[in-house]
Amino acid sequence: MKFEHELKVIRKGVEEIIPEEELIKKLEKSEKTGKPLRIKYGIDPTGYDVHIGHLVPIRKMREFQDLGHTGVIIIGDFTAQIGDPTGRDESRPPLNAEMVKSNSEKYMEQLFTVLDASKTEVRLQSEWFGKMGMMDVLKLMGKFTLAQFMAHDTFRNRYEQGLPLGMHEIMYPILQGYDSVAIESDVELGATEQKFNILCGRDMQRIYGMEQQIAVLSPILLGTDGIQKMGKSMNNYIAVFDTPNDKFGKVMSIPDALILNYFNYATKLDPDEIEKIKKELATGINPMIYKKMLAREIVKLYHGEEAGMEAQSAFEKVFSNKELPDDIPEITMTDDKIKMIRLLVDNQLCASNSEAKRMIMQNAVTVDGEKWSDVEGDLQITDGLVIKVGKRKYLQIKKDQG
RNA sequence: GGAGAGGUUCCCGAGCGGCCAAAGGGAACAGACUGUAAAUCUGUCGUCAGACGACUUCGGAGGUUCGAAUCCCCCCCUCUCCA
């Protein structure tokens, strides 16, 4: 069959393609005309912390790019004012132009760790929505009925549960859908929860008499807690900006049952190889071995091979062998002694005096490996002392004689 | 516009005049253990103060009371039903 290779690449790690037959037609057409397909993905510039869950569809975009197609990233400066109803982020501070600009720049910087910049277009929603007036908006809204929206889980559930549902929120899928018209997308990427919004884009294109886009839906990546989807509000995410050591550690903290899932969706590993790992894990082997490999693979993706190895040895050093890490934050002190509690709070090892005391009482504080138990005590400062709080917080003191 | 329900500590959610810094669960953190920042168990979880005690907190502003998250008044917000 024609396009067998392309389809195999596109299908990999994808939950659903709607409709697949049309995608084949589009591929054919693209080949015939030599015109690359336009692959859309939208982001809301409400913040800029990108986590590896976001990158599942982005990696898919890269694969499209490698097949010669064009990625189009939409900066949702209008939808950001609404907040994706499926995302359920509470606070929506109004965004001004500078914030949009700086957020999206930082956002793109992270996406370009994956994307091919030469085949990426970045577009702002305000390019088209900024020109619209009330009449245009009414016309857009008239294309859909309330029943269509209430048939959608997110809206219906919130309505039925008696939760607030703003009128403007139903505009979200409409705006996102119109984006597809504006940029004439052939394919829109997103996680499965985006199905409704992306299909809205299809409807919108049909209404405007255009060729309709294909939805290519990625699975939702679970967070490090293994229960909820990875998200900023849940504090269960691995960020692109996390240090290699943090990425490694966070991967090590996922439940064992999640290992294969992450291999599938958060790494570039070949499916055959993942199949092998699956079999290995089923033999009852210590999952840690493969979790380390997973962590290494993920670090590698963003920081390179060497960083992956380094993060692993740092992890083993600190957690398996309980040695000191290489990069301990340092402070320089001139005094001969300091109250321990103050030292901990002043250097952000603890959030408050009370917490510092609690930590001491819970045997969480050590000085050069020795437990510190005197809640009120002073620390005699000597050069090179290492303070450790809990499992992960360190501080080294440099004594300035001067 | 009318009638009713509600807004509690990071989240969910109990409390409805003193025994409430506020049950319970989740998250988080710590300790033990371990094969991992897995799992499990135990503990901690407003701030300040030598665990006594003090101060700030229960949508917002007032009031009643020796004393309020709990009662009253006004305001803001959410939900349901009626029009």
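If you take CG of A:Asn286 and C1' of B:rA39, they are 12 Å apart, rounded to a whole angstrom. What separates CZ of A:Arg392 from P of B:rG31 is a distance of 11 Å, to the nearest Å. For A:Met288 and B:rU36, the CE to P distance is 5 Å, given to the nearest whole Å. Rounded to whole Å, atom P of B:rA27 lies 12 Å from atom CG of A:Asn235. Atom-to-atom, NZ of A:Lys391 to P of B:rA28 comes out at 12 Å; the value is rounded to the nearest Å. A:Arg342 has its CZ atom 18 Å from the C1' atom of B:rU47, to the nearest Å. When the P atom of B:rU44 is taken as reference, atom CZ of A:Arg358 falls 11 Å away, rounded to whole Å. Counting to the nearest Å, the P atom of B:rA37 and the CG atom of A:Asp242 are 17 Å from each other.
Not one N or O on the side chain of A:Arg123 forms a donor-acceptor pair closer than 3.5 Å with the backbone of A:Val72.
No donor-acceptor contact under 3.5 Å links the side chain of A:Gln362 to the base of B:rG31. Judged by distance alone with a 3.5 Å cut-off, a donor-acceptor contact links the side chain of A:Asp256 to the base of B:rU36. Contact of A:Asp246 with B:rA37 (side chain to base): a donor-acceptor pair of N or O atoms is detected under 3.5 Å.
Phosphate proximity of B:rA49 to A:Asn353: present, with a side-chain N or O under 4.0 Å from OP1 or OP2. Between A:Ser352 and B:rU47 there is a side-chain N or O to OP1 or OP2 distance below 4.0 Å.
With B:rG31, B:rC48, B:rA49 as the candidates, the nucleotide lying closest to the side chain of A:Ala364 is B:rG31. Residue A:Tyr159 has its side chain nearest to B:rU80 when only B:rG50, B:rU36, B:rU80 are considered. In the set B:rC48, B:rC29, B:rC79, B:rC79 carries the atom at the smallest distance from any side-chain atom of A:Pro164.
The distance between the ring centers of A:Tyr178 and A:Phe129 falls below 6.0 angstrom.
Ion pairing between A:Lys399 and A:Asp383 fails under the 4.0 Å rule for side-chain N and carboxylate O. We find that A:Glu273 and A:Lys268 are not joined by a salt bridge, their nearest charged nitrogen and carboxylate oxygen being 4.0 Å or further apart.
When the C1' atom is used for both B:rA83 and B:rG18, the distance is 46 Å, rounded to whole Å. Rounded to a whole angstrom, the distance from the C1' atom of B:rU47 to that of B:rC81 is 45 Å. Between the P atoms of B:rC58 and B:rG7, the separation comes to 13 Å (whole Å). Nucleotides B:rC71 and B:rG2 are separated by 26 Å at their C1' atoms, to the nearest Å. Separation of the C1' atoms belonging to B:rG25 and B:rA14 is 11 Å when rounded to the nearest angstrom. Straight-line distance between the C1' atoms of B:rG60 and B:rA51: roughly 36 Å, to the nearest whole Å.
Ring geometry, A:Phe155 versus A:His152: the interplanar angle exceeds 60°, so the pair is classed perpendicular (tilted spans 30 to 60°).
Both the sub-6.0 Å distance and the 45° axial angle are not jointly satisfied by A:Lys60 relative to the ring of A:Tyr41.
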